[in-house]
Colleague: 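Submitted below is the structure of interest, expressed as structure tokens.
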Amino acid sequence: MAKKKRVKRVKRVNANLPQELVEDILLRLPVKTLLCCRCVCKSWLSLISDNNFATSHFQLASTHRRVFISRYALKSLPLDGDALLHDESAYASSSLDFVSSPRCSVGIMGLCRGFLFLHGIDFYLWNPSTGAHKHILASPIANVNDSYELLSGFAYDQSTDDYLIVSLFCKCDGAIKLMIFSLRANKWKPMEVASHLPDITTAVWDSDPKSGLSLNGSIHWILYNKETFKNVIIAFDIKEMAMLEIPLPDDFISISNNLHIRYNLLEVGGLIGAWMNDQKTVKIYVMQEYGVHSSWTKIIQFSVDLFLHSSLYILCLTKCGDIVGRDYEVELVKFNDK
């Protein structure tokens, strides 16, 4: 008679990890794995769905990855690592199937507290960590024939715990109209600006509204002031609902002098940065003290080939010292100023 195999029973160990440790581990998981983890238990679902968790996860991930739109999908790449820009295995992709029209391409117009601000025909707010998204119809004034969207931006108002989309429209007669969408109220409303707004315009080749940089409680844009004949930074203070004009560095070229230059704002280590490409040289500046014109410091300057990189558009600076840009609207390029 064959002997029965004796099954060894393993005593189950109830490993109750501290909540802080569980959260710390989950924060380091990729988005795709994190979405699966929501099905483990109710406490994990509640934690991962929390806005504060989503914000922390996005901020932690964004220190190591950069996000960009490729055709109709959103991709991220660890630009601070050793991965090459053409190495497809290094990319992580997320579908944009929530966009209302599959033929409508969207662009990233900003990010704030874990939310990406996407702009196509309409607006979209999307949190890649949780998958939460919201489709926001364009402002009613956007459909008026005698006006066009000049600027758009996205920011968080801590005083009201609300997310706001700000759009400035220019009418054919030169009048400026400000519209604000409140995520809490879920509606657009016109807003009177509590300060003087100079006679402004975007560059003549811009067919899309300029995106705003959200920093220090304000949204910032580079515009051309037709009153002073200079490019300036226009800052919209979310809390005070007021406009502020910040001068750019003295040697920042105005569009009246050269119609072929490219320029925009970027964040550099929590500070406002500005860059320009005059088809020969790329210059990057940082404002060391917010709002103080004399604190502008040129941190990087390098030459570009007129035929190879004259259309270089700077996207970000990495912690490794690399400069990442978009060239001819389709290619990512990476430079190192050293």
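Scope of the values below: all heavy atoms of this structure, side chains included, with no hydrogens, waters or symmetry mates.
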Colleague: Could you give me the CA-CA distance, side-chain angles and deciding distance for I284 and L317, then say whether side chain to side chain contact (heavy atoms under 4.5 Å, CB included) is met?
Modeller: CA-CA 10 Å; I284 302 178; L317 274 64; 3.9 Å; yes
Colleague: I'd like to know if the side chain of N277 reaches the main chain of L312, judged simply by a donor and an acceptor atom lying under 3.5 Å from each other, with no hydrogens or angles considered.
Modeller: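 At least one qualifying donor-acceptor pair exists.
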Colleague: So which atom in L266 and which in A274 form the shortest heavy-atom distance, rounded to 0.1 Å?
Modeller: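 What the structure gives for the nearest pair is CD2-N, 3.9 Å.
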Colleague: How long is the span from the CG atom in L45 to the CG atom in D50, to the nearest 0.5 Å?
Modeller: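 So the CG of L45 and the CG of D50 are separated by 11.0 Å.
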Colleague: CD1/I314 to CG/N264 distance, rounded to the nearest 0.5 angstrom?
Modeller: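 Between atom CD1 of I314 and atom CG of N264 there are 11.0 Å.
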Colleague: Please check if the side chain of W221 supplies one atom and the backbone of G153 the other of a donor-acceptor pair under 3.5 Å.
Modeller: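 No; zero donor-acceptor contacts below 3.5 Å.
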Colleague: Any side-chain heavy atom of D162 sitting closer than 4.5 Å to one from L183?
Modeller: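 Side chain of D162 against side chain of L183, heavy atoms only: contact under 4.5 Å found.
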Colleague: Who passes side-chain hydrogen bond (donor to acceptor under 3.5 Å, both in side chains) against S167, sequence neighbours left out?
Modeller: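 Counting only residues at least two positions away or on another chain, S167 forms a side-chain hydrogen bond (donor to acceptor under 3.5 Å, both in side chains) with E149.
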Colleague: Report the distance from atom CD of E267 to atom SG of C316, rounding to the nearest 0.5 Å.
Modeller: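 The distance works out to 11.0 Å.
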Colleague: Around Q288, counting heavy atoms of other residues, nucleotides and ligands shown, do more than 12 lie under 6.0 Å from its CD?
Modeller: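 Yes - once you tally the heavy atoms of other residues, nucleotides and ligands closer than 6.0 Å, there are more than 12.
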Colleague: With the side chain counted from C-beta on, respond yes when I165 and F117 share a heavy-atom pair under 4.5 Å apart, and no when they do not.
Modeller: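 Side-chain contact under 4.5 Å: yes.
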Colleague: Side chain to side chain contact (heavy atoms under 4.5 Å, CB included), that's the test. Do L168 and I234 meet it? Break it down for me.
Modeller: CA-CA 12 Å; L168 266 73; I234 298 296; over 6 Å; no
Colleague: Tell me whether the NZ or CZ atom of R326 lies within the 45° cone about the ring axis of Y313 and under 6.0 Å from its centre.
Modeller: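 Judged by the rule, R326 and Y313 form a cation-pi pair.
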Colleague: Measuring only between side-chain heavy atoms, which start at C-beta, is S46 closer than 4.5 Å to F53?
Modeller: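 Result no, sub-4.5 Å side-chain heavy-atom pair not found.
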Colleague: Can you find a pair of side-chain heavy atoms, one from T281 and one from F302, that are under 4.5 Å apart?
Modeller: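 Not in contact.
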Colleague: Rounded to the nearest 0.5 Å, how far does CD1 of I136 lie from NZ of K187?
Modeller: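 Taking NZ in K187 and CD1 in I136, the distance rounds to 14.5 Å.
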Colleague: Just to verify, what does D161 make a side-chain hydrogen bond (donor to acceptor under 3.5 Å, both in side chains) with, not counting sequence neighbours?
Modeller: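 For D161 the side-chain hydrogen bond (donor to acceptor under 3.5 Å, both in side chains) partners, ignoring immediate neighbours, are Y156, R184.
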Colleague: If two hydrophobic side chains count as joined below 4.5 Å and joins carry through other members, does F123 share a cluster with L137?
Modeller: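 Each belongs to a different hydrophobic cluster.
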Colleague: A side-chain contact here means heavy atoms from C-beta on lying under 4.5 Å apart; do W275 and I323 qualify?
Modeller: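 Heavy-atom side-chain distance check fails, nothing below 4.5 Å.
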Colleague: If you apply the rule side chain to side chain contact (heavy atoms under 4.5 Å, CB included), what do you find for Y163 with F115, and how did you get there?
Modeller: CA-CA 10 Å; Y163 291 91; F115 283 98; 3.8 Å; yes
Colleague: Could you report the tightest heavy-atom contact between L271 and L215, atom names first, then the distance?
Modeller: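 Nearest heavy atoms, L271 then L215: C-CD2, 3.7 Å.
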Colleague: To check you understand the geometry: which heavy-atom pair defines the closest contact between M287 and P247, and what is its length?
Modeller: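 In terms of heavy atoms, the two residues are closest at CE-O, 4.2 Å.
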Colleague: Compare every heavy atom of M179 with every heavy atom of P190, then report the nearest pair and how far apart it is.
Modeller: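 For P190 and M179, the tightest heavy-atom pair comes out as CA-SD, 3.6 Å.
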Colleague: Got F335 and V282 here, is their nearest side-chain heavy-atom distance under 4.5 Å?
Modeller: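 Counting from C-beta outward, F335 and V282 never come under 4.5 Å.
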Colleague: Say whether, by atom type as modelled, one donor and one acceptor occur between the side chain of H293 and the main chain of L248 under 3.5 angstrom.
Modeller: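 Flag set: sc H293 to bb L248 pair under 3.5 Å.
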Colleague: Any non-hydrogen side-chain atom of R38 less than 4.5 Å from a side-chain atom of L47?
Modeller: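 Counting from C-beta outward, R38 and L47 never come under 4.5 Å.
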Colleague: Is there a side-chain contact between K189 and M191, using heavy atoms and a 4.5 Å cut-off?
Modeller: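 The answer is yes, as the side chains (C-beta and beyond) meet within the 4.5 Å cut-off.
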Colleague: Considering all heavy atoms of both residues, which atom of L265 and which atom of L213 are nearest to each other, and what is their separation?
Modeller: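 It is CB-CD2, 4.1 Å.
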Colleague: Might you work through the side chain to side chain contact (heavy atoms under 4.5 Å, CB included) test for V166 and S152, ending with a clear yes or no?
Modeller: CA-CA 5 Å; V166 178; S152 65; over 6 Å; no
Colleague: Using 0.5 Å steps for rounding, measure from the NE2 atom of H135 to the OH atom of Y124.
Modeller: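 It is 4.0 Å, given to the nearest 0.5 Å.
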Colleague: Kindly state each residue pair satisfying ring-ring contact (aromatic ring centres under 6.0 Å, His included) with at least one member in residues 19-52, sequence neighbours excluded.
Modeller: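 Sorted result for residues 19-52: empty, none.
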Colleague: Quick one: list whatever passes side-chain hydrogen bond (donor to acceptor under 3.5 Å, both in side chains) with K134, sequence neighbours left out.
Modeller: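 Counting only residues at least two positions away or on another chain, K134 forms a side-chain hydrogen bond (donor to acceptor under 3.5 Å, both in side chains) with N186.
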Colleague: What closest approach, in Å, do A155 and I238 show between heavy atoms, and which atom pair accounts for it?
Modeller: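 Answer, listing the atom of A155 first, then I238: CB-CG1, 3.8 Å.
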Colleague: Ignoring hydrogens and geometry beyond distance, is a side-chain donor-acceptor pair present between S218 and N216 at under 3.5 Å?
Modeller: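 No.
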Colleague: Counting only N and O atoms by type, is there a donor-acceptor contact under 3.5 Å from the side chain of D122 to the main-chain atoms of A138?
Modeller: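 It does hold such a pair.
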Colleague: Do L34 and V40 land in one hydrophobic cluster if side-chain heavy atoms of ILVMFWY residues count as linked below 4.5 Å?
Modeller: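 As far as the 4.5 Å side-chain criterion goes, V40 and L34 are connected within one cluster.
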Colleague: Over 60° means perpendicular and under 30° means parallel, so classify the ring planes of F252 and Y263, tilted if in between.
Modeller: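 Correct class here is perpendicular.
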Colleague: Indicate, with yes or no, if Y290 and Y285 share a hydrophobic cluster defined by side-chain heavy-atom contacts under 4.5 Å among Ile, Leu, Val, Met, Phe, Trp and Tyr.
Modeller: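 Linked, Y285 and Y290 end up in one cluster.
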Colleague: Do H119 and F154 make the cut of ring centroids closer than 6.0 angstrom?
Modeller: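 No, ring centres 6.0 Å or more apart.
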Colleague: Report yes or no: do L244 and W296 belong to one cluster of Ile/Leu/Val/Met/Phe/Trp/Tyr joined by side chain heavy-atom distances under 4.5 Å?
Modeller: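 In one cluster: yes.
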Colleague: If you measure from CZ on R28 to OG1 on T33, what distance do you get to the nearest 0.5 Å?
Modeller: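 If I round to the nearest 0.5 Å, the distance is 15.0 Å.
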Colleague: Applying ring pair (Phe, Tyr, Trp, His ring centres under 6.0 Å), name anything that partners F181, two or more places apart in sequence or on another chain.
Modeller: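 If we apply the ring pair (Phe, Tyr, Trp, His ring centres under 6.0 Å) test to F181, skipping adjacent residues, the hits are W188.
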Colleague: Could you list all the salt bridge (charged side-chain N to carboxylate O under 4.0 Å, His left out) pairs where at least one residue sits in residues 282-299, not counting sequence neighbours?
Modeller: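 Only D251-K283, D251-K298 qualify under salt bridge (charged side-chain N to carboxylate O under 4.0 Å, His left out).
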